[in-house]
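One structure below.
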Number of protein chains: 2
Amino acid sequence: MTRQKATHTQRTPLNRDRVLRAAVALADATGIDTLSMRRLAQELDVVPMALYKHVANKEELLDGMADAVVGEIDPPAAGPDWQRVVRGRILSARRVLLRHPWAARVIESRTGPTPAVLAYLDSMAGSFREGGLSADLTHHVMHAMGSRLLGFSQELFDTSGPAGPPDPGLAARYPHIAELAATAAHDGGSTVNGGCDDQFEFEFALDLLLDGFERLRRQGWTSTRKA
Amino acid sequence: MTRQKATHTQRTPLNRDRVLRAAVALADATGIDTLSMRRLAQELDVVPMALYKHVANKEELLDGMADAVVGEIDPPAAGPDWQRVVRGRILSARRVLLRHPWAARVIESRTGPTPAVLAYLDSMAGSFREGGLSADLTHHVMHAMGSRLLGFSQELFDTSGPAGPPDPGLAARYPHIAELAATAAHDGGSTVNGGCDDQFEFEFALDLLLDGFERLRRQGWTSTRKA
DNA sequence: CTTGACGAGTGTACGCCGTACACCTATGGT
DNA sequence: ACCATAGGTGTACGGCGTACACTCGTCAAG
């Protein structure tokens, strides 16, 4: 047992896990760009340099945060329909990313894949293989999915913001975009922001890809590029 | 004409364009994370604060850099086949991004779309519309393409690095990934790194999507989500 | 010719960042 | 009783973005 003097009620000692979880919580609360070693240390009631006993540097902290987030993704469901298995898991990954809006950028900024990401990708590859896709096809399919495997929406700009007032001259300068915005606006219903239902757009793209893959599998597609 | 004293051979004065081009060149040469206002000023033989007469702050500098890069993309070719038009333009965008490897990250980090990006997307939307896609379908198609419209590869991690030595335990821990790597390795030919031909992977995904869109167009697809 | 506004470049300074390095101190095995 | 070690501290350095006050050359108006 650990004795402790009542004099200054010593804190439970830090460890890598507490550091990582505090970092994730801080990023969730205040965003990733205001996350600094100093602010994180303050949150943990500790002097900045204390963190360096548990993570080598900030990059490794971010690595750990990425792995923690990826670890939140549900394990693959069992089932004979590979499209359902993959689809469900990717939607789980997407839910995780919606919980941690900073995570996509952090994961993308890692120079190499972290262990949890590798494990996830390996498991994903397994799902494709069990679904009957050849190793060849699985390889290209995983590249084609890219970051969408991890639930990235891959939208060009984040539509979740306040979006500001619509520029009055926009319609004149960008007529086609204006047209699309108009059609999106008047079909009402579950639209969330700017007339776009992010979840619908995500699933639309996802299903389009999965259907394409299944079609290739059925026709025995094989990579024709070779020596 | 502007007189100039021979005493200290005054420099041609800065302007926003020279600043932006120097910034792009510096990022090309040394990478985006070593690009600082101070280093850029040094490159221009000027004191750091001088830059702020031409750009409001670093974010605006990055905006300008993004726009400069997007402006390098070829204009759309004319032609009756919308898939060829769109495909060619996206491959041009990809070539631009390969020239400026930092650009994808910069563009993604802009909070909103910059004017050049808006113009590009508008023109892209026009190509889809002229190809016979409905406004509804065009809208969802553009979302489904996401950043790929601008030539982003959307790979999860950058394979262009040195890739290091293959972890000997990797095959045991990640058997499916090992299998994919093996099949990619022994089909020789134009493989560039790690057994993957980035250009092939990009076009594979691109064509899969374009074919899917064309199929939807032919069958008169329409968004079924509505009030 | 004088003047005074103005645009472009300067110099100094502030607060924040990541982190190297030396130090302290309580803990627990021998 | 000893001391190695792990965890927390304090100080300091160099780099960053940029606010603010300045200088100085140019040029139009009086």
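Proteins get letters first, then strands, A, B, ... in listed order; numbering begins at 1 in each. Atoms considered below: every heavy atom in the structure, side chains included; atoms not considered: hydrogens, waters and symmetry mates.
For B:Ser123, the side chain to side chain donor-acceptor pair (under 3.5 Å) partners two or more places apart in sequence, or in a different chain, are B:Arg89. Here A:Ser109 pairs with nothing under the side chain to side chain donor-acceptor pair (under 3.5 Å) rule; sequence neighbours left out.
Nucleotide D:dG7 holds its P atom 15 Å from the CG atom of A:Leu44, rounded to whole Å. At whole-Å resolution of the value, CG in A:Leu61 and P in C:dC17 are 14 Å apart. Taking atom OH of residue A:Tyr52 and atom P of nucleotide C:dA20, one finds them 7 Å apart after rounding to whole Å. If you take CZ of A:Arg16 and P of D:dG7, they are 13 Å apart, rounded to a whole angstrom. Here C:dG18 presents its C1' atom at 15 Å from CZ of A:Arg39, a figure rounded to the nearest Å. Between B:Glu60 atom CD and D:dT18 atom P there is a gap of 11 Å when expressed in whole angstrom units. Rounded to whole Å, atom P of D:dG7 lies 19 Å from atom CG of A:Asp45.
Using a 4.0 Å cut-off on heavy atoms, the residues of residues 19-38 of chain A that approach DNA chain C are A:Ser36, A:Met37, A:Arg38, listed by number.
Each of A:Glu59 and B:Leu51 has a nearest nucleotide on DNA chain C; the 5'-most of these lies closest to B:Leu51.
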Identify every side-chain donor-acceptor pair in residues 64-71 of chain A under 3.5 Å, counting partners at least two apart or on other chains, and give the distances.
from    : atom 1 : to       : atom 2 : distance (Å)
A:Asp67 : OD1    : A:Thr114 : OG1    : 2.3
A:Asp67 : OD1    : A:Ala116 : N      : 3.4
A:Asp67 : OD2    : A:Ala116 : N      : 3.3

Ignoring hydrogens and angles, write down the donor-acceptor pairs under 3.5 Å from the side chains of residues 45-61 of chain A, residues two or more places apart or on other chains.
from    : atom 1 : to       : atom 2 : distance (Å)
A:Asn57 : OD1    : A:Glu59  : N      : 3.2
A:Asn57 : OD1    : A:Glu60  : N      : 3.0
A:Lys58 : NZ     : A:Leu35  : O      : 3.0
A:Glu59 : OE1    : A:Arg110 : NH1    : 3.1
A:Glu60 : OE2    : A:Arg16  : NH1    : 2.7
A:Glu60 : OE2    : A:Ala56  : N      : 3.3

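Within the structure, the salt bridge (Lys or Arg N to Asp or Glu O under 4.0 Å) test picks out the following pairs touching residues 98-109 of chain B (sequence neighbours left out): B:Glu72-B:Arg99. Contacts classified as salt bridge (Lys or Arg N to Asp or Glu O under 4.0 Å) and involving residues 144-156 of chain B (residues at least two apart or in different chains) are not found. Sorted by first and then second residue, the salt bridge (Lys or Arg N to Asp or Glu O under 4.0 Å) pairs with a member in residues 19-37 of chain B form an empty list; sequence neighbours excluded.
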Close N or O pairs between protein and nucleotides 5-9 of chain C (under 3.5 Å):
from  : atom 1 : to      : atom 2 : distance (Å)
C:dG9 : OP1    : B:Leu14 : N      : 3.0
C:dG9 : OP2    : B:His54 : NE2    : 2.9
C:dG9 : O6     : B:Lys53 : NZ     : 2.9

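Between A:Phe204 and B:His140, the ring planes lie tilted relative to each other; the angle falls in the 30° to 60° range.
Formation of a donor-acceptor pair under 3.5 Å by the A:Arg129 side chain with backbone atoms of A:Leu133 is found in this model.
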